[in-house]
Engineer: 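Quick one: the structure is below, and I'll ask about it shortly.
Below, all heavy atoms of this structure are taken into account, side chains as well, without hydrogens, waters or symmetry copies. Proteins come first, then strands; the chains are lettered A, B, ... in the order of their sequence lines, and each starts at number 1.
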Amino acid sequence: MAEKKRSTPQLDELEKGSWPSFVKEIKTAAEKNPMANDLLGQLERSYEDKISHWKHGGIVGVLGYGGGIIGRYSDLPEEFPNVSHFHTIRINQPAGWFYTSDVLRKLCDIWEKHGSGLTNMHGSTGDLVFLGTKTDELEPTFNELTDLGFDLGGSGSDVRTPSCCCGMARCEWACYDTMALTYFLTMHYQDELHRPAFPYKWKFKMSGCPNDCVAAIARSDMSIIGTWRDDIQVDEAAVTEYAKSGVDIQKDVVGNCPAKCMEWDGKKIKIDNKACVKCMHCINAMPKALAPGKDRGACILIGAKAPIVEGALLSSVLIPFIKLVPPYKELTDLVEKIHELWAENGKNRERVGEFIQRIGMGNFLEAIGVEPTPEMVAHPRENPYVFYEEYFEEDSEDNKNA
Amino acid sequence: MAEKKRSTPQLDELEKGSWPSFVKEIKTAAEKNPMANDLLGQLERSYEDKISHWKHGGIVGVLGYGGGIIGRYSDLPEEFPNVSHFHTIRINQPAGWFYTSDVLRKLCDIWEKHGSGLTNMHGSTGDLVFLGTKTDELEPTFNELTDLGFDLGGSGSDVRTPSCCCGMARCEWACYDTMALTYFLTMHYQDELHRPAFPYKWKFKMSGCPNDCVAAIARSDMSIIGTWRDDIQVDEAAVTEYAKSGVDIQKDVVGNCPAKCMEWDGKKIKIDNKACVKCMHCINAMPKALAPGKDRGACILIGAKAPIVEGALLSSVLIPFIKLVPPYKELTDLVEKIHELWAENGKNRERVGEFIQRIGMGNFLEAIGVEPTPEMVAHPRENPYVFYEEYFEEDSEDNKNA
Amino acid sequence: MPEVQPKQKRKTDIGPPHYEKFLPPIIKENYGKWKYHEVLKPGVMVTVSETGARLYTVRAGSPRLLSIDKIRAYADLADKYCNGYLRFTSRHNVEFLLTDESKIDPLIRALDALGHPVGGMANSISSIVHTQGWVHCHSSATDASGVVKAVMDDLILYFTEMKLPAKLRIALACCLNMCGAVHCSDIAILGIHRRPPKVNRDRLKATCEIPSVVSACPTAAVRPVTVDGQPSVEVIEERCMFCANCFTVCPAMPINDPLNDGVSIWVGGKVSNARSEPMFSKLAIPFIPNNPPRWPEVVEAVRNLVEVWARNARKYERMGEWINRIGWPRFFEMTGIPFEKVHIDDFKHAGTTFKRSTHLTY
Amino acid sequence: MPEVQPKQKRKTDIGPPHYEKFLPPIIKENYGKWKYHEVLKPGVMVTVSETGARLYTVRAGSPRLLSIDKIRAYADLADKYCNGYLRFTSRHNVEFLLTDESKIDPLIRALDALGHPVGGMANSISSIVHTQGWVHCHSSATDASGVVKAVMDDLILYFTEMKLPAKLRIALACCLNMCGAVHCSDIAILGIHRRPPKVNRDRLKATCEIPSVVSACPTAAVRPVTVDGQPSVEVIEERCMFCANCFTVCPAMPINDPLNDGVSIWVGGKVSNARSEPMFSKLAIPFIPNNPPRWPEVVEAVRNLVEVWARNARKYERMGEWINRIGWPRFFEMTGIPFEKVHIDDFKHAGTTFKRSTHLTY
Ligand code: SRM
Ligand code: SRM
Ligand code: SRM
Ligand code: SRM
Ligand code: SF4
Ligand code: SF4
Ligand code: SF4
Ligand code: SF4
Ligand code: SF4
Ligand code: SF4
Ligand code: SF4
Ligand code: SF4
């Protein structure tokens, strides 16, 4: 099935060295797959020309879906006909990226039949990415995927594939069940995921604690990050153990507490939990001795995005603390209100974080019916430019709406 | 000479209490001065009406000067004819606000003759303020003032009266001679001070060390703040003395060092001077034991202003370190370049801090011939939006100016 | 006592007198040679020179607005206790410069008798930097001197004692122009307007340039219109945030309004570089109506802020440093000030003030 | 081993399979009951449950771009060493989930044989989060996988050992769209364009809406014009900062350019809330031209940054925390990177990045 072996002197250089080589992966696939072989050829050409040889994507998809496929066409189709179309398929991964060998093999079988045999495990958003196939293979691939129980992920102006850290499956610090919530949200928003109807993309990311192992705060429109409200759990004996084993508790633990709320007298650790900002540092440093409290839940933040085009944003606090238990009604009510407001008032290609900045956070909160709290700001305003909406009139002493 | 005593039930309330009362001051003056008496009356009226009864100022001045007088007219001239005009005279104070009883009395004599007998010692910019007189008293007052050796201060779009902390006159921490520089700059810029020719006001303020006792960084277009480059001077014996006398050196001194560059072993203090950010805290806390280094000079910052209209600004670092010794040529060359650039390119009512933000600090530096250094920024840019001015062309591989 | 000689004919651009004329001999001799200082008691400080010379400073509170009678009284005290040498400070207090330690207490008694308390040094509240208010400015949304007097009457013990965790700097500006370093004060009292300017058409036509009025408005709330065939302007009220910049450039757009003018309170600013970098003050209390002659609600609000801070801050912690440690949520909780929509910035850099982390207390 | 049964007819909106299907029994039994973890050696961790159960994780590095052959090889290893259970991480590494401690070392040897090093845990450098590059994206200003491979070849010992002061996260994005958390990485490698887009008039007419192209440009560099009687656009070159947003909405404005595309390097970002709040990365090296196949200048620059940080940071100090302590002037001095005009922000909030204090080192 394979075509002539290509000469790839530049890429060959990238087979050297001890880090696993993507070139080897492509070559392995290229041995039996003409798409992979032409990809190798075109990529070598890019290395020579120092430029991408892909054309601006076109819109392709599967029946009834508006997202999930990224269309891609070569700008050298004569030379590399097997990648003249080379669309990727974004497949919604199982929450937490857990697999069995069995299901992985079945996925491979599908992709062997219908595509390049190359994948990304996984894409930056979290999808399992099937990297490159022709337009007419999309529908058959989709059908086999759904038969296996998989569905497409997001692309375009839709809800993107939610993703999460492994949470309660393997981490002692998970303050809520990230995988359960991810699965729930993915199922709840199937329509929004598959049929783009927003001003721009919307991403959910779930981390079980403030360590934020899926970088939710940096790259999701709604970042749901576990935290707790009560006292850090302390195992005194284990603290002593750490101290004995050479941990410099004063310098490395207490000295790095951002809230300056810890004290160490050489024997016992004292935490002013009302002042603790739940940063995780002391817990990270002594996992056997300290643990998040028992009153656990999450902080919901909103609006992160990459820099295009007004500058990058981190998410900001929207709901300082929420208990996250099925059926998650409080959360979905909130999301629905935001989606409605943004869908109606957002400009084209305006992410929700930019939208909030444009209309003002105060107005945004008012519109979605959330009370402002000081947790939402790093600090109150420094400028005196308040848009008061009312003033008193001479005669009436009543309010007037301006 | 005094008119009928006014009934001032509201203001009378402000004679009570143990803080010195400005109402008493006005009343004292009012006993012999009709202007002060009408001021009292109009002020009482303001207290009743909860509004200022001054009209928007008009332009008045003395011969050949564009600034120094703030025109002021009552909006109730019939009721308070003696303050129908009530202009203030801004008098350039001696550097550091040092006086003798003799010169103060002579100033009082002038003001007794020509004005309300009321003053501000001093105005927020630093001027000695003669508070209120009629238009035709301006020229006579001015003449008597110059006879006494005093001159007007600034107002309008000119160099404003420079001011400074007492510096070397009474402070052990002065890293340069603030009063000498203030006097020098005031004399050097007499023309710019008296004849407004800039887009907006320009303020100089001089503090001898980073404690910044004239709030230079918050309210002067050019803030000149003393600092040092070498090691903090330490008197070990005096440190021991402080420790013995009950100062908690670890907690209160070392623990508050922002650079985390101090260590205290219970006996000796160790400072990593390369890391010290010259914040003054440790020196403030133990003035008998620590002192700024010997290689002293100043940091020049630029651009502070009040919030109108783009939001308040603190000054930002322009020259991280400069030796300030007569004839201050390096400094005046710098100021001249900035004045020229700003005068030519600044918009009407655009302070230099706003101007720099509008044209970009990089462009500003280029225009005045100062090399950019990392000291000028809190951190390098976070966004990738660089306006590169050149690119390579295919054929030539040469630069092209875009 | 040095004398200043009167001169003869009209002079210009002579600048201020040289400061050396007014320095006492001890300062001239020890200029730049000071070694250390010590605050001996409230309002009294000694500065010691390398040469061993000892200069005593006695600082007294001042209302800043002084009659020439009061200045003459100062001059008399200066003559009596310190050879005629005195100065004023950057916060408008008066300082007497002594060389004779034994004259300190008599001077303090004389100042007390004159009604001027000695203090304002070290960890105390010094005088309130303030502006003109209804005494002299057309722009003012509140009075300056009156509010200051009422607040200082209430806080005077913090001036005459040194029991605070750190210095506390209060400032007042009577309008958004913010004359003074109000925007970087531990506590700032700021006069604000809350009603859009009215347009006086006839006066506008006579005195203002329409394009410069329009361009003065940062929010484009002022729009050119034609009324009865005459060019004029109108104000789109919901776009106005009451900066008064239009009024500054055009007297025909008055914004002062007895019912809607009042006072806002800001906290946590600082100027010095000691420990933390300089900081702006942040909005604490959005609005308190003017209530002359003694503004009791303002007095009460300031006292509350001072006391909550004084009780809870650690040694050396300025207001803003304390708040940064405990966080704004606890600040609002401890002071009992309600947090409202207006506390959230919605101006140019608003996004940079949102809380973009999970560092929260509960 | 659980099995997934194939289904019959076309289905839509079924969502992903439920994760429980893929969890090993030990996880199902101890879900939410984990008590603590311990990193036993590079790339090997044990997580201990309240019940006493012990789950071992072995993490191996991955190029992310995997052939189905490699995935099958992973599946074989999973079958052999851990009953078929494995997962991938948020940084695209593969993790094998074991219950039998004795199988750890054989698994490590097998992974080594397959060419996949074990490591990336605790105070190490984990895999570089990256994007498509020339492999699949039309936007890319550089390749992704190639740069990553070259850099990781050089840094591999930091992956397989745990000798750093803290975690170090590197990420790469091939254009300003910044797919991935590049903007908050300890070290970010970012592809950038430096030549304004060219306008292909015929194609523009055929495929793009002029108003949306014009409004896509944040700096108003794209202007509508009429050429030969036809509506088109032009680019005012000195206003362009190469964001490529016009290209994103209109393929007729290509910005890719072999001579001017390249790589910039950013430092000091972080995502976690541990100790300090999350931070953006800041510009360190403005431009390195593309030099395939191994980008030696980029490799060298990254190594230098890692090493200077590793030598000087205190325990637990992430790159950005270290820089914040020592200050940017010393960062530039210690790394030998020249500071230039382009380092100074001139975008929307530029003023908030100026140094507004005298906290300086000399
Ligand atoms: C495949 C993937 C990169 C990868 O190799 O992992 C990717 C690839 C593309 N991204 Fe992305 N983005 C991918 C994750 C991200 C992320 C990270 C994330 O989701 O966690 C971001 C930053 C977070 C964010 O959303 O802001 C991201 C921010 C962007 C942007 C900028 C959006 C913005 O609002 O600033 C664009 C530009 C756009 O939307 O027009 C973009 C556009 C694109 C396009 C569709 C290019 C385009 O303009 O049409 C790329 C298609 C490449 C291709 O040929 O396959 N991609 N993109 C990631 C999706 C895989 C997956 O589904 O798992
Ligand atoms: C008298 C004084 C207040 C006081 O009671 O001390 C004062 C009074 C006025 N200031 Fe001021 N400013 C005074 C110091 C300041 C300061 C503080 C300083 O200089 O250190 C500031 C803040 C720093 C700054 O310059 O940004 C200040 C910022 C303003 C502004 C806002 C300027 C800006 O760029 O944001 C205005 C509005 C304007 O210029 O149109 C203003 C305007 C005014 C005017 C002229 C009102 C006007 O719009 O026409 C006031 C005249 C009041 C009157 O009737 O006497 N005044 N003004 C101060 C001058 C006394 C002196 O010469 O010593
Ligand atoms: C006299 C005066 C300068 C002048 O030329 O007029 C002055 C004089 C001294 N200052 Fe100051 N400062 C003076 C205004 C200021 C200001 C400006 C202001 O308040 O508007 C500041 C900045 C305030 C701010 O940050 O908001 C200021 C911040 C300091 C600091 C830093 C305090 C801090 O911890 O933030 C010190 C150090 C200290 O107190 O330990 C200091 C220390 C000193 C010392 C101890 C310096 C010395 O060795 O002589 C002087 C007596 C201190 C005292 O009053 O406790 N001085 N000092 C000013 C007196 C004003 C007054 O009447 O109260
Ligand atoms: C497996 C993974 C989550 C997942 O579901 O995939 C994970 C797992 C763990 N993380 Fe993480 N983190 C994972 C990505 C992240 C990320 C996201 C990223 O890198 O893009 C972050 C944020 C990074 C940042 O701030 O830029 C992250 C920041 C942390 C931190 C905070 C580190 C810090 O000091 O800033 C900890 C705490 C610690 O290491 O002590 C942590 C701790 C842990 C622990 C110890 C939690 C536990 O008890 O199980 C896990 C093993 C740690 C390790 O690898 O050393 N994890 N962790 C991710 C592994 C990625 C990889 O293959 O290398
Ligand atoms: S985010 Fe927290 S809960 Fe989730 S894996 Fe990381 S450390 Fe564990
Ligand atoms: S979690 Fe963070 S803030 Fe809280 S006590 Fe521990 S180190 Fe301090
Ligand atoms: S600024 Fe420094 S030198 Fe000047 S008075 Fe204050 S402490 Fe002394
Ligand atoms: S001056 Fe400030 S930064 Fe320097 S050692 Fe003293 S406390 Fe630390
Ligand atoms: S703050 Fe405003 S009202 Fe007060 S003096 Fe200054 S300009 Fe006038
Ligand atoms: S007060 Fe300010 S915002 Fe309102 S109309 Fe006037 S200039 Fe515009
Ligand atoms: S970063 Fe840019 S070039 Fe790279 S995959 Fe994303 S959109 Fe494409
Ligand atoms: S690349 Fe960006 S800045 Fe340049 S023309 Fe296109 S949209 Fe405008």
Engineer: With a 4.5 angstrom heavy-atom cut-off, which part of A:Cys276 approaches chain C: side chain, backbone, both or neither?
Structural biologist: backbone
Engineer: Contact part of C:Pro218 toward chain A, heavy-atom cut-off under 4.5 Å: side chain, backbone, both or neither?
Structural biologist: neither
Engineer: Which residues pass the ring pair (Phe, Tyr, Trp, His ring centres under 6.0 Å) test with C:Tyr362, not counting sequence neighbours?
Structural biologist: A:Phe321
Engineer: Tell me, do A:Ile225 and C:Thr358 make a side-chain contact under 4.5 Å, heavy atoms counted?
Structural biologist: yes
Engineer: Would you say that C:His343 contacts A:Pro374 through its side chain, given a criterion of any heavy-atom pair below 4.5 Å between the two side chains?
Structural biologist: no
Engineer: Find out whether A:Met361 and C:Lys341 are in side-chain contact, i.e. whether some heavy atom of one side chain is under 4.5 Å from a heavy atom of the other.
Structural biologist: no
Engineer: Output the option from A:Gly360, A:Cys299, A:Pro320, A:Ala259 having the highest count of non-hydrogen pairs under 4.5 Å with chain C.
Structural biologist: A:Pro320
Engineer: Taking side chain as everything from C-beta outward and backbone as N, CA, C, O, which of these in C:Leu190 sits under 4.5 Å from a heavy atom of chain A? Side chain, backbone, both or neither.
Structural biologist: side chain
Engineer: Does any heavy atom of chain A fall under 4.5 Å from the side chain of C:Glu340, the backbone, both, or neither of them?
Structural biologist: backbone
Engineer: Chain C: which of A:Met376, A:Lys274, A:Lys278 shares the most heavy-atom pairs with it under 4.5 Å?
Structural biologist: A:Lys274
Engineer: Take C:Asp346 and A:Phe387, measure what side chain to side chain contact (heavy atoms under 4.5 Å, CB included) needs, and give me the verdict at the end.
Structural biologist: CA-CA 9 Å; C:Asp346 52 5; A:Phe387 292 89; 3.9 Å; yes
Engineer: Determine, stepwise, if the pair A:Thr373 / C:Phe332 fulfils side chain to side chain contact (heavy atoms under 4.5 Å, CB included).
Structural biologist: CA-CA 10 Å; A:Thr373 75; C:Phe332 282 97; over 6 Å; no
Engineer: With a 4.0 Å cut-off on N to O distance, would you call A:Glu375 and C:Arg330 a salt bridge?
Structural biologist: no
Engineer: Would you mind checking which part of C:Asp257 comes under 4.5 Å of any heavy atom in chain A, side chain (CB onward), backbone (N, CA, C, O), both or neither?
Structural biologist: side chain
Engineer: Are A:Val317 and C:Leu360 packed together at the side-chain level, in the sense that at least one heavy-atom pair is separated by less than 4.5 angstrom?
Structural biologist: yes
Engineer: For salt bridge (charged side-chain N to carboxylate O under 4.0 Å, His left out), just list the numbers for C:Arg194 and A:Glu389, CA-CA rounded to whole Å, side-chain angles, deciding distance to a tenth of an Å, and then say yes or no.
Structural biologist: CA-CA 9 Å; C:Arg194 301 201 349 164; A:Glu389 283 152 19; over 6 Å; no
Engineer: Can you tell me if C:Asn260 uses its side chain to pair, donor with acceptor, with the backbone of A:Tyr391 under 3.5 Å?
Structural biologist: no
Engineer: Under 4.5 Å between any side-chain heavy atoms of C:Ser281 and A:Glu382, yes or no?
Structural biologist: no
Engineer: Quick one: which residues of residues 304-315 of chain A reach chain C at under 4.5 angstrom, heavy atoms only?
Structural biologist: A:Leu313, A:Leu314, A:Ser315
Engineer: Could you have a look at C:Gly327, C:Ser357, C:Pro338 and say which one has the most heavy-atom pairs with chain A under 4.5 angstrom?
Structural biologist: C:Ser357
Engineer: Using heavy-atom distances under 4.5 Å, tell me whether A:Asp230 contacts chain C through its side chain, its backbone, both, or neither.
Structural biologist: neither
Engineer: Side chain from CB out, backbone as N, CA, C, O: work out which of these in A:Ile356 comes under 4.5 Å of a heavy atom of chain C, or both, or neither.
Structural biologist: side chain
Engineer: Test side chain to side chain contact (heavy atoms under 4.5 Å, CB included) on A:Arg381 and C:Lys282 and set out the steps.
Structural biologist: CA-CA 6 Å; A:Arg381 66 166 65 235; C:Lys282 278 94 182 167; over 6 Å; no
Engineer: Any side-chain heavy atom of A:Pro384 within less than 4.5 Å of one from C:Met178?
Structural biologist: yes
Engineer: Are C:Lys348 and A:Asn383 linked by a side-chain donor-acceptor pair shorter than 3.5 Å?
Structural biologist: no
Engineer: Checking heavy atoms, do the side chain of C:Phe354, its backbone, both or neither come under 4.5 Å from chain A?
Structural biologist: both
Engineer: Side chain, backbone, both or neither: which part of C:Trp328 has a heavy atom under 4.5 Å from chain A?
Structural biologist: both
Engineer: Considering only heavy atoms, which portion of A:Glu371 lies under 4.5 Å from any heavy atom of chain C: side chain, backbone, both, or neither?
Structural biologist: neither
